[in-house]
Amino acid sequence: MTLASRLLLVASVFLGVLIASSTPPGPASWVYLSAIAFVELGVIKVLNKPGTILRALVFLCFFVLLSLTMRLIGIFLFNNPLNPATTVYATLLLVEAFLGITMLLQLVSPSELVWLAGKVGFREAGKVLALVLTHLSSILLAYSEVYVVVKLKKTRSILALKPLLVYTVEYGGQINEAIHLYGLPDPVLGKTPPSWRDLLATSISLALILAGILLLLR
Amino acid sequence: MEKVLRVKGLRVRYAGGGWVLKGLDFELGKGEVVLIVGESGSGKTTFVRAITGLAGRVYNAVVEGYIEISGKPLEEWGWEEVRDKIGVVLQNPRATLVYPIVYDDLISHAYSIYGSASTAERALSNVTKLLRISHLLNKHVDQLSGGELRRVSIAKALLSNPEIIILDEPLMWLDDKGMEEVRRAIEILRLHEVSVVVLEHRYKSLVEVADRVLRLEGGVLTPVETPLEAGRVSTTLKQASTTQEGGDPVLEVRNVEVRAGELVLKDISLRVGRGEKVVIYGGNGSGKTTLLRVITGVIKPARGVVKRRGSILYVPQIPYLYFTETSLGDELKLAGLPDVGKTSVDRTRFDLDRSPFTLSWGEALEFIVEMALESRSELVLMDEPFSGISYTSRKTIGERLLASPKAVVVTASSRENLEFLTGFKLLELKEGRLFEKGLLGGLR
């Protein structure tokens with residue numbers, strides 16, 4: 001898929017969430033919210049293994065249950081709980097915004113993000129973001145090792161900061177050395193010819209945007 | 001033979017320290033493969049930093065002597081020209097990657113060199129074909145094995161078509177498969193007449209591919225006259241005829257099942273008796289570290305039972321991650337050794353007021369081993385303890401572990417390391433299952 005159609009898809013989802021949040025829950029808003037969820041889950045299904053869609057649904061249900069539980073607590077504590085429909089609607093909006101971010105990170109690669117950041121004047125910040133995304137897992141792995149050590153040493157957990165700090169500084173030094181050797185190049189984006197997927201994604205995006213406008217004008 | 005690199009009387013010292021390199025001489029011919037061996041902390045990395053200009057530029061080190069690249073003194077080359085002439089594969093190859101997708105990273109680097117998309121694509125295509133890594137291009141860095149990551153890093157170093165490639169400890173952390181991949185990559189470079197300098201203390205599998213072997217010791221390079229013990233690591237293990245009798249169990253793992261992302265450990269059972277020595281052998285990503293974490297109780301198994309009797313001391317792959325205190329003496333106290341005068345640890349060369357973070361990798365490991373074996377812990381877990389240390393240190397540590405009355409469980413990803421664990425009970429972790437292979441009697 002081309003970057004343009006992927007970005008349009010992500011933008012339409014975020015715009016949809018924004019429109020849905022500014023309209024009160026009603027039959028039309030519910031249908032619109034479901035349509036956004038359908039698009040998000042569809043993208044997750046296409047991009048991931050079959051089990052992921054199940055996990056996304058569990059994630060969605062978990063938050064709905066959480067909101068209903070909070071409502072129950074509200075009944076007992078304040079005697080003035082929110083309307084259940086409003087509670088679930090607001091929760092779904094939040095979950096869909098989260099899924100939208102997941103979708104953005106899956107549909108747009110880090111080098112494309114850097115390229116986009118460069119287009120809006122944040123080129124260096126974008127490169128730093130790329131470096132963080134590349135090296136974060138390696139640093140987190142070291143952090144988890146320190147967690148095991150500190151847990152077994154039964155020492156004050158604040159002391160875990162010391163090896164973490166030393167390791168991070170050391171790792172930063174290695175990256176610094178690498179940047180001197182290889183530089184910090186701008187991303188180069190390959191050209192992707194449009195395909196039927198782009199047509200599908202653009203149609204879905206435009207439909208979502210149009211439906212959102214109709215919802216606002218209702 | 002045409003010389004691509006000449007070094008005369010090279011002396012390097014970092015701010016506030018003594019001379020690390022003390023008048024080193026070195027010459028590298030076109031297409032020559034030179035292996036430089038040396039103990040941990042002998043100055044191998046400093047040598048790389050000096051000849052690439054990094055020592056003065058990044059580390060503010062004092063560099064004296066004469067360095068000539070392709071017939072011209074180092075100072076006469078521009079910084080970017082040096083970068084194009086010498087490709088460096090760092091100890092941590094991951095550090096060289098800016099973008100997490102292999103293709104994105106390599107193509108952006110190629111474009112920064114050539115300034116033309118078509119030339120960059122051509123250079124990338126040539127390098128990926130040469131190193132046979134085309135299938136890795138669309139992978140995320142986290143999906144690469146250790147060997148694949150090194151090959152990607154070598155590819156990045158080759159993109160500028162350098163005359164010299166320097167590999168700084170290319171075998172660190174690698175399992176048998178990864179070692180073989182790097183070895184093959186060096187052979188390919190040699191076939192294409194690229195001059196290669198390999199700095200490695202895990203040299204056995206590389207001696208055959210090197211034209212010359214030098215030892216870095218006392219700040220100078222000397223030719224190794226007697227051939228170093230060489231050869232690919234044997235695939236068969238000799239097993240001792242006797243069996244190891246452990247005492248009362250300090251650890252019992254029964255029918256454990258663990259799921260951690262893609263990794264699945266199934267039906268894992270393990271019993272470690274007091275004083276028993278066990279090595280868990282398996283390739284990178286086979287689940288050894290995960291299994292150790294299950295033993296420590298940090299990861300809860302989905303099924304099965306883990307019973308620990310007594311305390312556990314865990315030594316991570318990177319020994320510095322163990323240290324939480326300000327001095328070595330405080331580390332000893334925390335490990336249950338308050339009366340430091342009576343331990344063997346302080347009889348070694350360690351100043352107990354010293355900060356643990358100032359120790360070299362080898363020293364840190366040696367200190368932790370000595371401390372662990374005298375600590376109050378019943379069971380010592382060591383994750384890949386032999387990475388980053390010389391064969392001599394491996395032998396010393398292996399013997400020390402075997403002689404200790406403590407129960408010890410270590411992991412190893414290379415058969416080469418099993419040689420130093422003679423007398424240990426060997427368990428192989430393969431496809432998520434643990435197989436008992438008997439008692440180690442060394443390699444055939």
Side-chain angles (χ1 to χ4, degrees), chain A residues 49 109-115 127-128 130-139 141-167 169-191, chain B residues 49 52-54 57-59 79-80 83 86-88 90-92 94-101 103-105 107-113 117 120-121 140-142 156-157 289 292-293 296-298 311-318 320-326 334-335 356-357 377 381 383:
Chain A
K49 288 176 186 165
S109 74
S111 46
E112 287 169 335
L113 277 177
V114 177
W115 182 82
K127 286 182 193 174
V128 173
L131 274 174
V132 170
L133 290 173
T134 306
H135 298 285
L136 191 64
S137 59
S138 186
I139 290 172
L141 191 71
Y143 285 15
S144 70
E145 288 279 86
V146 175
Y147 172 71
V148 180
V149 168
V150 170
K151 193 171 180 285
L152 292 172
K153 272 184 160 183
K154 297 187 177 108
T155 185
R156 284 172 297 152
S157 49
I158 186 78
L159 290 174
L161 288 175
K162 207 182 298 167
L164 294 184
L165 196 68
V166 171
Y167 179 78
V169 169
E170 162 88 6
Y171 198 98
Q174 291 169 14
I175 292 176
N176 180 31
E177 199 169 311
I179 289 172
H180 271 81
L181 288 168
Y182 290 97
L184 201 53
D186 288 331
V188 176
L189 303 187
K191 286 193 179 70
Chain B
R49 287 172 183 164
T52 50
L54 280 174
R57 202 178 167 92
V58 179
Y59 294 92
W79 172 245
E80 292 196 345
R83 288 202 315 203
I86 305 179
V88 182
L90 297 172
Q91 261 182 39
N92 176 5
R94 195 186 169 115
T96 57
L97 302 184
V98 177
Y99 299 103
I101 307 295
Y103 173 82
D104 291 352
D105 190 77
I107 194 69
S108 60
H109 180 56
Y111 187 81
S112 73
I113 297 166
E121 276 289 357
H140 189 281
V141 60
D142 289 340
K156 187 164 183 174
T289 305
L292 289 189
R293 287 181 182 197
T296 59
V298 170
S311 62
I312 297 175
L313 191 145
Y314 174 72
V315 187
Q317 281 185 22
I318 301 170
Y320 299 109
L321 295 179
Y322 178 85
F323 298 121
T324 51
E325 307 303 306
T326 44
L334 195 63
F357 300 106
S377 303
L381 304 178
D383 196 4

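Within every chain, numbering begins at 1; the chains are lettered A, B, ... in the order of the sequence lines, protein sequences first and strands thereafter. Only this structure's heavy atoms are used, side chains among them; waters, hydrogens and symmetry mates stay out.
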**Q** So for B:T326, is it side chain, backbone, both, or neither that comes closer than 4.5 Å to the heavy atoms of chain A?
**A** both
**Q** Could you list the residues that satisfy side-chain contact (heavy atoms from CB on, under 4.5 Å) with A:P110, not counting sequence neighbours?
**A** A:L133, B:P100
**Q** With a 4.5 angstrom heavy-atom cut-off, is it the side chain or the backbone of B:A120 that approaches chain A, or both, or neither?
**A** neither
**Q** With distance as the sole test, does A:Y167 use its side chain to make a donor-acceptor pair with the main-chain N or O of B:I318 at under 3.5 Å?
**A** no
**Q** Is A:V148 close to chain B through its backbone or its side chain, or both, or neither, when contacts mean heavy atoms under 4.5 Å?
**A** both
**Q** Where is the tightest heavy-atom contact between A:K153 and B:L334, given as atom of each residue plus distance?
**A** CD-CD2, 3.7 Å
**Q** Do A:L181 and B:L54 have side chains that approach each other closer than 4.5 Å (heavy atoms only, starting at C-beta)?
**A** yes
**Q** Going from CD1 on B:I101 to OG on A:S109, what distance comes out if it is rounded to the nearest 0.5 angstrom?
**A** 6.5 Å
**Q** Counting C-beta onward and ignoring hydrogens, is there a side-chain heavy-atom pair between A:E145 and B:D383 closer than 4.5 Å?
**A** yes
**Q** Any chance you could measure A:Y147, atom OH, to B:L321, atom CG, to the nearest 0.5 Å?
**A** 16.0 Å
**Q** Looking only at heavy atoms, what is the nearest atom pair of B:V298 and A:K151, with distance?
**A** CG2-CD, 3.9 Å
**Q** Can you say whether A:I179 sits under 4.5 Å from chain B via the side chain, the backbone, both, or neither, judging by heavy atoms?
**A** backbone
**Q** Got B:W79 and A:H180 here, is their nearest side-chain heavy-atom distance under 4.5 Å?
**A** yes
**Q** Taking the side chain as everything from C-beta on, heavy atoms only, tell me whether A:Y182 gets closer than 4.5 Å to B:R83.
**A** no
**Q** Need one label for B:Q91: side chain, backbone, both or neither, based on atoms under 4.5 Å from any heavy atom in chain A.
**A** neither
**Q** Find the distance between CG (B:N92) and CD (A:E177) and round it off to the nearest 0.5 Å.
**A** 10.5 Å
**Q** Of all of B:Y59, B:Y103, B:Y320, which one pairs up most often with chain A through heavy atoms under 4.5 Å apart?
**A** B:Y59
**Q** Run the ring-ring contact (aromatic ring centres under 6.0 Å, His included) test against A:H135 and tell me which residues pass, sequence neighbours left out.
**A** A:Y171
**Q** A:K127 versus B:Y99: any side-chain heavy-atom pair under 4.5 Å?
**A** yes
**Q** Between B:V141, B:I312, B:I86, B:I113, which shows the greatest number of heavy-atom pairs under 4.5 Å with chain A?
**A** B:I312
**Q** Answer yes or no: is there a donor N or O on one side and an acceptor on the other, between the side chain of B:R94 and the main chain of A:T134, under 3.5 Å?
**A** yes
**Q** Using a 4.5 angstrom heavy-atom cutoff, name the option from B:I107, B:L313, B:V88 with the most pairs to chain A.
**A** B:V88
**Q** Would you check if the side chain of B:S108 reaches a backbone N or O of A:V188 as a donor-acceptor pair within less than 3.5 Å?
**A** no
**Q** So do B:V58 and A:N176 actually touch side chain to side chain, heavy atoms under 4.5 Å?
**A** yes
**Q** If we only count heavy atoms from C-beta on, is the A:L189 to B:D104 side-chain gap below 4.5 Å?
**A** no
**Q** Please give me the minimum heavy-atom distance between B:T96 and A:A178, naming the atom from each residue.
**A** CA-CB, 3.7 Å
**Q** With a 4.5 Å cut-off on side-chain heavy atoms, are B:F323 and A:K162 touching?
**A** no
